[in-house]
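This report concerns only the one structure given below.
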Amino acid sequence: MTEPQVLPLVIRDLSFRYNSRGTPAIKNLNLELHSGEVLLLAGSSGCGKTTLMRCINGLIPEAYHGEMTGDILLYGESVRGNTLADISQNVGTLLQDPERQILGTYVLNEVCFGLESLGMERSEMIRRGEEALKRLNILHLRDKETFGTSGGEKQKVALAGVLAMQPKILLLDEPLASLDPASAHEALLAFRQLADEGLAVMIVEHRLEDVLAIHPERVVYMEDGEITYQGEPAGLSQVVDYHKIKLPAADVLARAKDAPETEFVPAVPPLDYSKPLIEFKEVGFRYHEDLPEVLHGVNLNVHAGEVIAILGHNGSGKTTLVKHALGLLKPTRGSVLLEGVESKSTTVAKAARTVGYVFQSPTQMLFAPTVQDELAFGPKNLGFDKETIQENVRWAIQSVHLEEELGTPPLALSFGQQKRVSIASVLSMRSRILMMDEPTAGQDYWNYQSFMDTILQMPGFDSIIFITHDLDLALTYANRIIVLFDGRIVADGTPQDVLKDTEQLLKWRLLPTSLLELNFRMFPQTGKFQRAEALARYIG
Amino acid sequence: MQEKKSLWKFGTKQVVYAAIGAALYAVLAYATNMIQLPGAGNVSFRPAVVIPMFFGIAFGPIVGFIAGFVGNILADLLSGYGFWFWWDLGNGLLGLVPGLIYPLIQDYKAGKSILLAELFVVLGSAVGMGVAALSEMWVSGADMNTVIFANFLPAFIPDVVNGLVLVPLLMIAYAAVTQRSGRS
Amino acid sequence: MLVSWHYKYRGSPMDQIDPRARWIFSFAFLVAATSTWNSSMLAVLFLIAVIWYSLGRTSWKETRRGWTLVLIMLFTMIVVNTIITGGGAGGVVPEGGQLVWPEGLRLFGKLLKPGLTVDRIWFALCQLMRIGGISMFFILIPYTMDSRSYGATFSKLGLPDKLAYTIELAIRFIPSLARSFSITLDAQRARAFELDDVKGGIVRKIGRIAPLIIPVTMNAILSSEDIANAMDLRGFGQRKRTWLFELKYHWWDYAVIAFGLLIVAVSLILVYGYKLGAFTVPPFFYQLFQ
C-alpha cells in the first residue's frame, strides 16, 4: 500500500446541490480510496451515488451545475480548476450502458477516442490502444465494428477505451446492469485483476452479491445523500435495510426471521392443461436463407395458470422465441399456434388479442400526449367501440394503481411509473397472456420487487411469461422455467427440477445464487421456492 | 430553473444532438424512402424532414442545420443516391431557419410556441427547398417554371405538410421529457 | 431493419487516391461544369467524368439505384420540360429559333404544333453531358469513399474539429438508431398498430408515423446525456484533435488536385476571359434538320 499522504483519492466534507433542485444530492461525504483496492459503493436509486461519482470525475461542476462545498484531492492536490481533460488522465469512468458510452464505429477507433481528444500522435495512439485491448484479452476484436459485438464484449471495449487513457483511478457506474450473469462475473474478474495490478477501483452497484464474489476490500453504503456505513463487507448486512438492497440470502433470512413475509401467490387462474394457449411445434427459424438457424426444433405449450420464466444467456434466442409467439416473426419450419390458429395465417394485430407483449424499455413505445391516450392506443387499433375502450382503459389503469396519472404525459413520469404504464397499455387490449422482456431491468431491488408483486397480483391474465437472466427473479415468481441455450430448449419444468444441477447451470451460462442454494436446503420443509424474506417463516 | 439559451453555442451537448439528429434523419429517411413521389427528381416523400426542423427548434439553429445537412448526406449515402451538395444545403436550411426561434421558446407545449414553430417550419421549408431548387437552375440549366413545378413544389409541399403535422407532436412529447431533469 | 454502407475496398485506382484530393477534385469539377454551356467544353468535361468514374470500378448492379434517381430527374427536366412544354430553359436558349417540325406533326390523326426547336434539342444534349458528368462524380461517393474517412478528411480540409467529429458520431449511431426504430416498430405492432393502414386523409396518414417517430426521437434525446458525458469524460473538444484514420498525400494526389485546379482555371478563363461560355448551336446541327 502507498504512503497515506499520497492517496489517489481523498474526499473531504463534500456536499453538492444541483441548480435544478432545492435539496442537496450529497451531504458531508468523507471518503478515501487506496491503490490496489476495490471499493464497493452501494445504495438504492436516488441515494446520491451517481452524484458522488460525477464530483470525482469532473462532470460536476463542468457539465452539471450547482453548488459544491468541501474538497476532492487527487494525489494530494485539489481538483478545483482542473479541466475534464486533465482529470481524465487520472480518473477513468465506465458508464452504465456501454451502448451509449461507445463512440467509435470500430473497436480501435473507440479505444483511441480519448487519445484523439488529447491530440496524441497516431503511432503512440495505436500502441496504447492495442496495449489496452491486450490487457483485457480482446485484441482479436481490434478491427471489428463495435455495433456487432456482444454485450459482454461491448463492455470490455468501453473499458479498454478508458484504460487507454492510463488512469490510476477507475470509477465503474453500475457496470453489471446490461450483462447476463456469466458475462457479469467475467467483467468483475477483470475489475479485480485491474485492482490487483495497482489501480484504485470504485464500483457503484446494487447487485451486491455479485460484487461480493470478488472480495472488495471495503464497502460504503449511502442513503439519502449520506454515508451510513463504511468498512468491511461483512458488516454491511447488519446495517442496511434488506428491503432496499439485495443482500445474500442467508443474511436476509437471519434478519427477516422476526418479521417474515407471507408466501407470495400470483393471481393467475388454476392450472388447466386441457387447451393450450400457445403451441410451438418443431419450430425452426433463420433470419435469412443464407444465415444459420437461430432456433432449432422448439416444442412448447403454454397453458392457463402458468407463470413461465424464460432463462438463457444473451444471444440464446429468447427474444426470437418470444417474437414468434406474437407473430412478429414467422417460423421457417414447423408452426406456431395461438389459441389454435396458425401464426402464419393471422396478423400481428390479431395475435395481440392472445399475447400482450411488453418490451424492455418503456420509452421505446410511449408516445401519446396523455396516459389516457396511451392506454387507448391498442384497443383503438383493435377496432373496439368507444365504451369498451373507456372501460378497458379504466380497468388497466386501476390494475397498475396509477389512476391519478391519467391526464399526465407518460414521458414525464418516473421510470418505474412508465414501466407500469407500458404494462397497462398492453393490459387495455385484454390479451389473455402477458409477456414481458426483462421486466426488472433498470430498477433497483426495492422497485423491482414491488413492481413484480403488483404485476403478478393483477387479475385478468390466464398466463404470464417473462424473459430474464436473473435467476432469483425466475425462482421466486415462476412456477415453470424454460432454459434456452444456443437456440434450443435445454430444460423445461418446475424451478426445483430445472435448477437442481449446478454443473448443468454453469454450462448454460447461468450462475447459481445464494438464494437458490438456500431454497434447495430448505425445500424439504417448504416444498416451494420463494424469496428469502418468506423463507424466514420456517426458521426460529 | 431556466438556463439562458444562447443561439449559436456549439459545445459537447450540441455536437451530440447534431449527430443524433443527423443519424436519425438518415435512418428515418432511409426507412421511408420507398414512398417516393413520382416526377419529383431528387425529392422523396420523407416524414423524416421533421427531424431537422424539430432539432432546430429544440436545440438551436446550428444543431438544426447539421441534422439536416449531414443527415441528408448520410441518407443519400445509405440509399446509394450519391452526394448532392445543394440539396444537402437546402435540407440544412430546413433545420436552421426554425432553429432561429430556439431562444424564444421556454414552454414547448404552449400554444404560442407551437404557432411560432409552425410559422418557421413553413418559412424554413420555403427557404431550404427554394435554395435547393434554384441551385438546380444554376447546375442543370432548368428554367424557372421547371424549377418551380418539378423541383420546388414537390419538395416544399410535403415538407410543409409533414412539418405542420409532426413538429407540434414532437414538441409536446419533448415538453414532457424535459420535465424530468438532466444535465444543463 | 438492417442498414449497411455501400463502400467496399476494391483495390481500384480510386482507392489509391487520398479522400481530400478526391473531394477537392470533385468540387473543382462541379465549379467548372456549372460555369459553361459551351458544348465543346462540356464534351471535354464529360470525357473527364467518364474517365474518373471508371477509376472507381463500380458495377452497374450496385449503382443502379443512384442512376435511376438521376434518370428520373433528367427525364422530368429534359423530356418533359425542355422539349415538350418548351420553357425558357433557364434563359440560356434564346426564344424563337428553327422549329423541328415547322409544318406541325400528325399524330393519331391530329395535327400538333410542338414548339420544339433545333436549339432545344442541342441544349438537351448539353444538359445531358453536364448533369451526367456531375452525377458520375457524385454517385461514385457512397460506393468508393470509406465511411471511416469523413471525420479526418473534413478536419484536415479545414473544418473545425467539433463539426468534423459530428459526422463521425452520426455514422456511429446510425445502426443503433436503426435498431431502435425496428424495436419501436415491433413494440407498436404488438399493440395492433399497422403502418400500412391507409384509411383517412393526408394528415391522418402522416399522423400514423407519430407512434414510431416520437419514441425513437425521444429515446435518442434521452440517451444523448450519457453520450455527452462519455465524450466529456474522455476530454472531448478541449484540445486540438488528432485522428486515428490515416491520411497521406502521394505525388499523384498532388497531381489530381493540380489537375482539378487547372480545369477550373481554364474553364473560368474561357468563360470570362474569352466569353466562350455561352450556349451556341453548331451550324452542322441546323443542317441536319433541313
Side-chain angles (χ1 to χ4, degrees), chain B residues 10-13 15-24 26-28 30-32 38-42 47-48 50-51 54 58 66 70-71 73-74 76-85 136-146 149-150 161-162 165-166 169-170 173-174 177 182-183, chain C residues 1 3 5-6 30 34 37 62-63 65-66 69 72-73 76-77 81 85 87-92 127 130-131 134-135 138-139 141-143 162-163 165-167 169-171 173-174 177-178 181 202-203 206-207 209-210 213-214 216-218 220-222 224-225 227-229 231-232 236-237:
Chain B
F10 197 65
T12 307
K13 257 196 331 182
V15 168
V16 176
Y17 289 136
I20 291 271
L24 205 53
V27 165
L28 293 173
Y30 178 74
T32 55
N42 275 6
V50 303
I51 296 297
F54 166 70
I66 298 176
V70 175
I73 292 176
L74 295 176
D76 283 353
L77 290 182
L78 279 178
S79 309
Y81 286 165
F83 174 87
W84 307 99
F85 182 76
E136 206 62 79
M137 200 162 147
W138 164 64
V139 175
S140 311
D143 67 358
M144 197 45 135
N145 273 333
T146 309
F149 289 102
V161 177
N162 276 307
V165 177
L166 293 172
L169 297 177
L170 286 167
Y174 181 63
V177 167
R183 162 177 174 157
Chain C
M1 184 172 64
V3 288
W5 302 98
H6 299 271
L30 183 65
T34 49
W37 281 110
E62 52 188 342
T63 55
R65 275 192 80 174
L69 192 80
I72 293 173
M73 187 181 73
T76 47
M77 226 169 258
N81 297 90
T85 64
V92 177
Q127 264 187 317
R130 184 153 141 172
I131 300 173
I134 294 171
S135 302
F138 291 106
I139 280 188
I141 287 171
Y143 306 95
K162 280 183 179 164
L163 289 176
Y165 186 74
T166 307
I167 304 173
L169 196 61
I171 289 172
F173 279 99
I174 280 181
L177 291 171
F181 181 81
I202 183 90
V203 170
I206 293 173
I209 201 150
I213 215 169
I214 291 175
V216 176
T217 307
M218 295 307 138
I221 290 174
L222 287 172
S224 63
E225 177 169 348
I227 299 166
N229 284 349
M231 288 166 69
D232 278 342
F236 177 77

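Just so you know, these numbers use all the heavy atoms, side chains as well, and skip hydrogens, waters and symmetry mates. Convention: sequence-line order gives letters A, B, ...; per-chain numbering from 1.
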(message) side chain to side chain contact (heavy atoms under 4.5 Å, CB included) for B:Phe54 and C:Ile221? Distances and angles first, verdict last.
(response) CA-CA 12 Å; B:Phe54 166 70; C:Ile221 290 174; 3.7 Å; yes
(request) Please look at B:Leu170 and chain C and tell me whether the side chain, the backbone, both or neither of the residue comes under 4.5 angstrom of a heavy atom of that chain. (result) both
(request) Considering non-hydrogen atoms only, spot the tightest contact between B:Val27 and C:Ala178 and give its length. (result) CG1-CA, 3.7 Å
(request) Check each atom of B:Ile51 against the heavy atoms of chain C and say whether the ones under 4.5 Å are side chain, backbone, both or neither. (result) side chain
(request) Just give me the residue among B:Leu169, B:Val139, B:Ile20 that pairs up with chain C most often, heavy atom to heavy atom, under 4.5 Å. (result) B:Val139
(request) To the nearest 0.5 Å, tell me how far C:Ile141 CD1 sits from B:Asp76 CG. (result) 11.0 Å
(message) Rounded to the nearest 0.5 Å, what separates atom NZ in B:Lys13 from atom CD1 in C:Ile227?
(response) 13.5 Å
(request) Heavy-atom distances under 4.5 Å only: say whether B:Val165 touches chain C with side chain, backbone, both or neither. (result) side chain
(message) I'd like to verify something: which residue of C:Thr63, C:Leu163, C:Ile167, C:Leu222 has the highest number of heavy-atom pairs under 4.5 Å with chain B?
(response) C:Leu163
(request) Quick one: closest heavy-atom pair of C:Ala220 and B:Leu24, and the distance? (result) CB-CD2, 4.5 Å
(request) Identify which part of C:Leu30 has an atom lying under 4.5 Å from any heavy atom of chain B, answering side chain, backbone, both or neither. (result) side chain
(message) Between B:Ala18 and chain C, with a heavy-atom cut-off of 4.5 Å, which part of the residue counts as in contact: side chain, backbone, both or neither?
(response) both
(request) Pick one of side chain, backbone, both or neither for C:Ile174, based on which atoms fall under 4.5 Å of a heavy atom in chain B. (result) both
(message) Using every non-hydrogen atom in the two residues, find where B:Ala173 and C:Met218 come nearest and quote the distance to one decimal.
(response) CB-CE, 3.9 Å
(request) Please look at C:Tyr143 and chain B and tell me whether the side chain, the backbone, both or neither of the residue comes under 4.5 angstrom of a heavy atom of that chain. (result) side chain
(message) Shorter than 4.5 Å, heavy atoms on both sides: which option in B:Val50, B:Val161, B:Leu74, B:Ile73 has the most such pairs with chain C?
(response) B:Leu74
(message) Is B:Val15 in contact with chain C via its backbone, its side chain, both, or neither, using a 4.5 Å heavy-atom distance?
(response) both
(request) Taking the side chain as every heavy atom from C-beta outward, state whether C:Thr166 and B:Phe10 have any atom pair closer than 4.5 Å. (result) yes
(message) Just so I understand: if I count every heavy-atom pair under 4.5 Å between each of B:Ile66, B:Val70, B:Leu166 and chain C, which residue has the most?
(response) B:Leu166
(message) Report which part of B:Leu78 has an atom under 4.5 Å of a heavy atom belonging to chain C: side chain, backbone, both, or neither.
(response) both
(request) Give the minimum heavy-atom separation between B:Ala22 and C:Ala170, together with the two atoms involved. (result) CB-CB, 4.0 Å
(request) Assess whether side chain to side chain contact (heavy atoms under 4.5 Å, CB included) is satisfied between B:Trp84 and C:Ile139, documenting all intermediate values. (result) CA-CA 9 Å; B:Trp84 307 99; C:Ile139 280 188; 4.0 Å; yes
(request) To the nearest 0.5 angstrom, please state how far the CD1 atom of C:Ile213 sits from the CG atom of B:Asn162. (result) 8.0 Å
